[in-house]
Amino acid sequence: MAGLRDRKKQQTHDALSEAAIALFLERGFDEVSVADIAAAADVSKPTLFKYFATKQDLALHRFADHAQEAARVVLASSADPVEALRDHFLAGLKRRDPVTGLNDHPEVLAFYRLVFGTPALATRLHQFIAADQAALAEALGNGLAGELQAADLISTQQVLSRRNFAALTAGITADAQYPTAVAEAKLAYRRLTRT
């Protein structure tokens with residue numbers, strides 16, 4: 001019975017977010033109210049707030065799947081942290097994981113345009129990134145060395161992802177960008193092994 005309850009909660013969670021994202025893409029983040037989202041999902045505002053604390057979280061919950069991912073990768077690997085994260089990023093490029101910026105599905109591109117073009121969402125995204133960096137620093141042992149390495153690694157991933165996204169928004173396909181993305185990732189992570 002608990003399994004069914006959990007599935008229903010997850011379905012409601014996903015339905016709320018999908019309704020919100022559809023409205024945000026259609027009308028713009030700032031033009032959609034929480035009441036609009038609740039009405040579109042056929043729930044009350046209090047119900048909506050049981051699932052999402054803020055309107056920004058409705059849009060950015062997709063990033064929750066990647067929360068503290070770098071730290072998990074490092075902790076799960078016996079390889080050097082730079083190598084582990086490089087290999088993880090390269091695998092993401094190969095499968096066109098949206099977090100690498102190398103996914104040219106129209107809905108993914110529209111979603112990223114929404115996030116990067118909406119100050120409230122961009123600010124919230126930077127909060128996610130800062131939390132990921134702090135978790136990675138902890139996985140690397142904290143201290144100055146761990147914090148600096150975490151900053152380098154997270155910044156590298158962000159730069160690579162943004163470069164891929166910029167190429168795709170300029171009209172290059174993900175398949176055409178893939179060799180460049182791989183070469184740039186290898187170069188960027190190789191630079192980190194020298195520091």
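- For T169, there are no side chain to side chain donor-acceptor pair (under 3.5 Å) partners two or more places apart in sequence or in a different chain.
- D104 places a side-chain N or O within 3.5 Å of a backbone atom of A174 that can act as its donor or acceptor partner.
- Looking only at side-chain heavy atoms (C-beta outward), T173 and Q177 stay at 4.5 Å or farther from each other.
- Although no hydrogens or angles enter the test, the distance criterion places no donor-acceptor pair under 3.5 Å between the side chain of S77 and the main chain of A84.
- Considering OG1 of T156 and CD of E184, their distance stands at 12.0 Å, rounded to 0.5 Å.
- Looking only at distances, a side-chain donor or acceptor of Y112 sits under 3.5 Å from a matching main-chain atom of P98.
- Shown here is E18, whose CD atom has more than 12 heavy atoms of other residues, nucleotides or ligands within 6.0 Å.
- Annotation for Q158: atom CD counts as buried by contact number, over 12 foreign heavy atoms lying within 6.0 Å.
- In this structure the side chain of L93 reaches within 4.5 angstrom of the side chain of F89, judged on heavy atoms.
- With hydrogens and angles ignored, the 3.5 Å screen pairs a side-chain donor or acceptor of D132 with a backbone N or O of Q68.
- Heavy-atom contacts from other residues, nucleotides or ligands closer than 6.0 Å to CZ of R72 number more than 12.
- Cation-pi geometry between R124 and F128 is satisfied (NZ or CZ under 6.0 Å from the ring centre, within 45° of the ring normal).
- A cation-pi arrangement is present between K55 and F29 under the rule of less than 6.0 angstrom and at most 45 degrees off the ring axis.
- K8 is not listed as a side-chain neighbour of R5, based on a closest heavy-atom distance of 4.5 Å or more.
- For T47 (side chain) and V43 (main-chain N/O), no donor-acceptor pair under 3.5 Å exists by modelled atom type.
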- Task: Assess whether ring pair (Phe, Tyr, Trp, His ring centres under 6.0 Å) is satisfied between F165 and F116, documenting all intermediate values.
- Result: CA-CA 11 Å; F165 174 72; F116 296 138; 5.2 Å; yes

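- Ionic pairing of D36 and R27 is present here: one or more N-O contacts between side-chain nitrogen and carboxylate oxygen are shorter than 4.0 angstrom.
- Between L153 and Y189 the shortest side-chain heavy-atom distance falls below 4.5 Å.
- Counting only heavy atoms from C-beta outward, the side chains of L140 and P81 approach each other to under 4.5 Å.
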- Task: Apply the test side chain to side chain contact (heavy atoms under 4.5 Å, CB included) to residues L192 and R86: give CA-CA distance (whole Å), side-chain angles for both, the deciding distance (0.1 Å), then the verdict.
- Result: CA-CA 10 Å; L192 293 179; R86 177 203 61 210; over 6 Å; no

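- Contact annotation: the side chain of L58 never approaches that of I21 to less than 4.5 Å [non-hydrogen atoms, C-beta and beyond].
- The main-chain N or O of R96 is found under 3.5 Å from a side-chain atom of N103 such that the two form a donor-acceptor pair.
- Between H61 and H13, the ring-plane angle classifies as perpendicular under the 30° and 60° cut-offs.
- Side-chain atoms of D42 never come within 3.5 Å of backbone atoms of A38 as a donor-acceptor pair (strictly under, hydrogens ignored).
- No side-chain N or O of D6 forms a donor-acceptor pair with one of Q10 less than 3.5 Å apart.
- For D152 (side chain) and Q149 (main-chain N/O), no donor-acceptor pair under 3.5 Å exists by modelled atom type.
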- Decide yes or no on side-chain hydrogen bond (donor to acceptor under 3.5 Å, both in side chains) for T54 and D57, but give the supporting numbers first. CA-CA 5 Å; T54 69; D57 290 340; 3.2 Å; yes

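- Screening residues 134-162 for ring-ring contact (aromatic ring centres under 6.0 Å, His included), with sequence neighbours left out, gives no hits.
- Judged purely by atom type and a 3.5 angstrom limit, T193 uses its side chain to pair as donor or acceptor with the backbone of R190.
- For the side-chain contact (heavy atoms from CB on, under 4.5 Å) test with H88, the passing option among V73, T100, V74 is V73; the others fail.
- Partners of R113 by salt bridge (Lys or Arg N to Asp or Glu O under 4.0 Å), not counting sequence neighbours: none found.
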